[in-house]
Number of protein chains: 2
Amino acid sequence: MKKEPLVDCCSFLHLHEDALHKVLGEMPPDETLYDLAELFKVFGDSTRIKILYALFEAELCVCDIAQLVGVSQTAISHQLRVLKNAKLVKFRRDGKTVFYSLADDHVRRIIGQGMEHIQES
Amino acid sequence: MKKEPLVDCCSFLHLHEDALHKVLGEMPPDETLYDLAELFKVFGDSTRIKILYALFEAELCVCDIAQLVGVSQTAISHQLRVLKNAKLVKFRRDGKTVFYSLADDHVRRIIGQGMEHIQES
DNA sequence: TGAACATATGATTATCTGTTCATATATTAT
DNA sequence: ATAATATATGAACAGATAATCATATGTTCA
């Protein structure tokens, strides 16, 4: 991830030098880490979390989501776009109505792990 | 989560009314969802993701983290505070040096699930 | 005690984000 | 074709956020 040589910044460095090189070796490429942060950023908004939670139970149309979440249709639409770009939700059109649903099970698992964490604290 | 009665916003609502009430029933309280978003917000920054990833392998002192991540000591310190507040990392002091490590296994699992998601796309 | 080192904190600033408002697109029914 | 409905999009603004700089705290050693 970082190519520059390591400086002996604090007296403990030499004790951990092998560990440091292991870290450097196993660190995913910067781009991957950036993408990962981008993904979690999507989960980092309560409106989007509510949308995802609502979709846990059922496929829902935009106006239903808006009501459940208690936010304007416009705001929901913007947020659904974010979720769509992150491939967290998919959609199908039926006449005038568009139905959204969870894209896959990662959403459930990620939110589940997060929930576990905050409930232990 | 939302107490107001549901409006018949689109023609599909009645088809899903039971699903909607199931959603409303199983939705965690607003405060929980807010906390959940706050947690994921912490994962939603590449500097913090890098810090957490570095701590996957080993307990590290601040200056080592700064070098590995390639960011100033000050910036790392600010971010470590965020991670600490979210109970994602813990620390111990040894003389002048402070060593940080992962607080528990949720960090690994959450990042692992995220990684799976981005690598499938 | 004072100098050197490791880390933390506060203020500032530039950038990013989410909502709102106005409007556009798409579909259906009359 | 026109109106009505469901959703999407663009611009703009307010609030949040992360890095930087200056400085403070805490620890060790001479």
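Chain identifiers are assigned alphabetically (A, B, ...) following the order of the sequence lines, protein sequences preceding nucleic acid strands; residue numbering begins at 1 within each chain.
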Visitor: NZ of A:K96 versus C1' of D:dA6: gap in Å, rounded?
Guide: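 Distance check: A:K96 NZ to D:dA6 C1' gives 7 Å.
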Visitor: Would you please confirm or rule out a distance under 4.0 Å between OP1 or OP2 of C:dA8 and any side-chain N or O of B:Y100?
Guide: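 Looking at the OP1 and OP2 atoms of C:dA8, one of them is under 4.0 Å from a side-chain N or O of B:Y100.
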Visitor: Distance from B:L68 atom CG to A:L24 atom CG, nearest 0.5 Å?
Guide: 5.0 Å
Visitor: At under 4.0 Å between heavy atoms, which parts of nucleotides 18-23 of chain C does protein reach? Answer with one letter per nucleotide, 5' to 3': B base, S sugar-phosphate only, - none.
Guide: SBBBB-
Visitor: Would you mind telling me which residue lines up with the more 5' stretch of DNA chain C, A:R93 or A:E38, judged by nearest nucleotide?
Guide: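 Looking at DNA chain C, the more 5' nearest nucleotide goes with A:E38.
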Visitor: In whole angstrom, give the distance that lies between atom CG of B:D64 and atom C1' of C:dA6.
Guide: 11 Å
Visitor: Has the side chain of A:Q73 got a donor or acceptor that lies under 3.5 Å from a partner of the other kind on the base of D:dA6?
Guide: no
Visitor: For B:R93, enumerate each residue passing the salt bridge (Lys or Arg N to Asp or Glu O under 4.0 Å) test, keeping only those at least two apart in sequence or located in another chain.
Guide: none
Visitor: Are OP1 or OP2 of C:dT9 and a side-chain N or O of B:R81 less than 4.0 angstrom apart?
Guide: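 Yes, B:R81 has a side-chain N/O under 4.0 Å of OP1/OP2 on C:dT9.
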Visitor: Looking at B:E59 and B:R92, does any basic side-chain N land under 4.0 Å from a carboxylate oxygen?
Guide: yes
Visitor: Nearest whole Å is fine: how far is D:dT17 P from B:F43 CZ?
Guide: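 Whole-Å distance recorded here is 16 Å.
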Visitor: Report the distance from atom CG of B:D94 to atom C1' of D:dT28, rounded to the nearest whole Å.
Guide: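 Atom-to-atom, B:D94 to D:dT28, this comes out as 12 Å.
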Visitor: Looking for any heavy atom pair under 4.0 Å, which part of the strands does A:F91 touch: base, sugar-phosphate only, or nothing?
Guide: nothing
Visitor: A:R92 CZ to C:dT27 P: how many Å, rounded?
Guide: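 Atom-to-atom, A:R92 to C:dT27, this comes out as 15 Å.
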Visitor: Side-chain donor-acceptor pairs under 3.5 Å in residues 34-42 of chain A, sequence neighbours left out?
Guide:
residue, atom, partner, partner atom, Å
A:E38, OE2, A:K41, NZ, 3.0

Visitor: Taking NZ, NE, NH1 and NH2 as the nitrogens, is one of them in B:K50 or A:D30 under 4.0 Å from a carboxylate oxygen of the other?
Guide: yes
Visitor: Are there over 12 heavy-atom neighbours, none belonging to B:F56, within less than 6.0 Å of that residue's CZ?
Guide: yes
